[in-house]
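Got a structure for you, questions after.
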Amino acid sequence: MPELPEVETVRRGLSPAMVNRQIAQVELRRKDLRFPFPPNFTRRLRGREILTLRRRAKYLLADLDDQMSLIMHLGMSGSFRVEEETLGDFVHARNRLTAHDHVIFHLSNGQRITYNDPRRFGFMLVIPTADILTHPYFSHLGVEPLSKMLNAKFLARAFNERKTSVKSLLLDQHVIAGIGNIYACEALYEAKISPLREGGDLVTKKGTPTAALMRLPKTIKDVLEKAIAAGGSSLRDHRQTNGGLGYFQHQFKVYSRENEPCYNCGKNKNISRLIQSGRSTFYCPGCQK
DNA sequence: AACACCCCCTGTCGGC
DNA sequence: TGCCGACAGGGGGTGT
């Protein structure tokens, strides 16, 4: 589920609850998510203070007070919720747990943070903070799409001579890190670029960006920023940490709108769906060239 | 190197 | 009503 805007929404929701707080206890309600929890996972977190909560691509990184960092990935269906857990409330709190509440962080201030993940594609691990940059999960990640690193010049270099479709390139976390299926579709629509175009086709023979490629960095940033402002997109599982829904799904122009009219072309053209790299792509054949 | 394809897992939805 | 297949926001591995 969660692409960059959803993970960022979660980060902002968790920060007030987690940062400068101590983890009193971590409760695992099963031994694995996508992978088994590493040995001593709970012991390494118990008693630690969380200094910062960062996001890199679709990962959440909680830096601890002992030079270690808790790495969390939400997979397709992970979500967190923050609740009060006073002593008197404890029994009631337990009763509010559901079948897919897999990890509970009990904080020393009486709050608890519960990780829920029906599909269990998410995972958590603890590694030294200093090792994050060289860790296999992070060392090959591409640029942050909301940073200045993402610009037309960068994309021209990354796309040059690539025969891969621009849609697949946007999903490639080695190029840009954090875009997922929804926002790749939406950004290409806004840029009026067909998802079927080869990457190299968006670069001139001189290696400079074409006019179409010049539009793309801004549409990516715009769609991600608007989605963050809306609290992300809630299709099934995504929740803000207070339990509220994101509402960017109401602003989708193409995603999940197969056979519905294009807002740009009117009733002349409908949104199409096709499969690229095994994922659904939604686009308008009328205005995306 | 770069691609298509498959898998992990659970839930939901539409068609019959 | 129930059953069954398709599909879902991610990402890693394999084989070509």
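Below, chain A is the first sequence line, B the second, and so on; all start at residue 1.
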A:F123: which residues meet the ring-ring contact (aromatic ring centres under 6.0 Å, His included) condition with it, sequence neighbours left out? A:F35, A:H73, A:Y137
Does the side chain of A:H73 get closer than 4.0 angstrom to OP1 or OP2 of C:dG10 through an N or O atom?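 For C:dG10, neither OP1 nor OP2 has a side-chain N or O of A:H73 closer than 4.0 Å.
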May I ask you to decide whether A:R29 forms a salt bridge with A:D101, counting only side-chain N to carboxylate O separations under 4.0 Å? no
Taking the minimum atom-to-atom distance to the side chain of A:K58, which one of B:dC9, B:dA2, C:dG11 wins? C:dG11
Taking atom types as modelled, find out whether A:D63 and A:T52 have a side-chain donor-acceptor pair closer than 3.5 angstrom. yes
Is the shortest side-chain N to carboxylate O distance from A:E3 to A:K58 below 4.0 Å? no
What's touching nucleotides 12-16 of chain C from the protein side, N or O pairs under 3.5 Å?
unit_1: C:dG12; atom_1: O4'; unit_2: A:R34; atom_2: NH2; d: 3.4

How close or far is atom P of C:dG10 from atom CD1 of A:I179, stated in whole angstroms?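 After rounding, the gap between these two atoms is 11 Å.
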Which whole number of Å gives the distance between the P atom of B:dA1 and that of C:dG10?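 My reading of the P atoms in B:dA1 and C:dG10 gives 25 Å.
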Between A:H100 and A:S168, which residue's closest nucleotide on DNA chain B lies nearer the 5′ terminus?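 Looking at DNA chain B, the more 5' nearest nucleotide goes with A:S168.
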What is the distance, rounded to the nearest whole Å, between atom CG of A:L170 and atom P of C:dG10?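 My rounded result for the distance is 12 Å.
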Atom pair distance, as rounded to whole Å: NE2 in A:H140 and C1' in B:dA2: 16 Å
Would you kindly give the CG-to-P distance between A:L33 and C:dG11, to the nearest whole Å?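 The distance from CG of A:L33 to P of C:dG11 comes to 15 Å, rounded to the nearest Å.
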What stems show up for DNA chain C when you take Watson-Crick pairs (N1-N3 plus N6-O4 or O6-N4) and G-U wobbles (N1-O2, O6-N3), both under 3.5 Å, and require three or more consecutive pairs? B:2-8 with C:10-16, B:10-16 with C:2-8
Please list each protein N or O that sits under 3.5 Å from an N or O in nucleotides 4-8 of chain C, with the distance.
unit_1: C:dC7; atom_1: OP1; unit_2: A:R273; atom_2: NH2; d: 3.1
unit_1: C:dA8; atom_1: OP1; unit_2: A:S280; atom_2: OG; d: 2.5
unit_1: C:dA8; atom_1: O3'; unit_2: A:Y255; atom_2: OH; d: 3.4
unit_1: C:dA8; atom_1: N3; unit_2: A:R119; atom_2: NH1; d: 3.1

Tell me the interatomic distance from A:I71, atom CD1, to C:dG10, atom P, rounded to whole angstroms.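 One finds 19 Å between P of C:dG10 and CD1 of A:I71, rounded.
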With A:R257 as the cation and A:Y263 as the aromatic partner, state whether NZ or CZ is under 6.0 Å from the six-membered ring centre and within 45° of the axis. yes
Closest nucleotide among C:dG10, C:dG9, B:dT10 to the A:F121 side chain: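 Comparing C:dG10, C:dG9, B:dT10 against the side chain of A:F121, the answer is C:dG10.
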Value in whole Å for how far the P atom of B:dG11 lies from CZ of A:R120: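 In whole Å, B:dG11 P and A:R120 CZ are 9 Å from each other.
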Relative to the ring of A:F282, is the ring of A:Y255 parallel (under 30°), tilted (30 to 60°) or perpendicular (over 60°)? perpendicular
Residues forming a ring-ring contact (aromatic ring centres under 6.0 Å, His included) with A:Y183, sequence neighbours excluded: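 Residues passing ring-ring contact (aromatic ring centres under 6.0 Å, His included) with A:Y183: A:F248.
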Below 4.5 Å, heavy atoms only, C-beta onward: do A:F154 and A:V143 meet side chain to side chain? yes
Derivation and outcome, side-chain contact (heavy atoms from CB on, under 4.5 Å), residues A:F80 and A:M72: CA-CA 11 Å; A:F80 286 95; A:M72 298 174 280; 3.6 Å; yes
Not counting sequence neighbours, which residues clear ring-ring contact (aromatic ring centres under 6.0 Å, His included) with A:F37? List them please. A:F41
Rounded to whole Å, please give me the gap between CG in A:D117 and P in C:dG11. 13 Å
Starting from A:L170, can I reach A:Y283 by hopping between I/L/V/M/F/W/Y residues whose side chains sit under 4.5 Å apart? no
Give me the atom names and distance for the closest heavy-atom approach of A:Q111 to A:A17. OE1-CB, 3.6 Å
Roughly how many Å is it from CD1 in A:I176 to P in C:dG11, rounded to a whole number?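 Rounded to the whole Å, the gap is 14 Å.
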Distance between the P atoms of C:dC3 and B:dC9, in whole angstroms? 23 Å
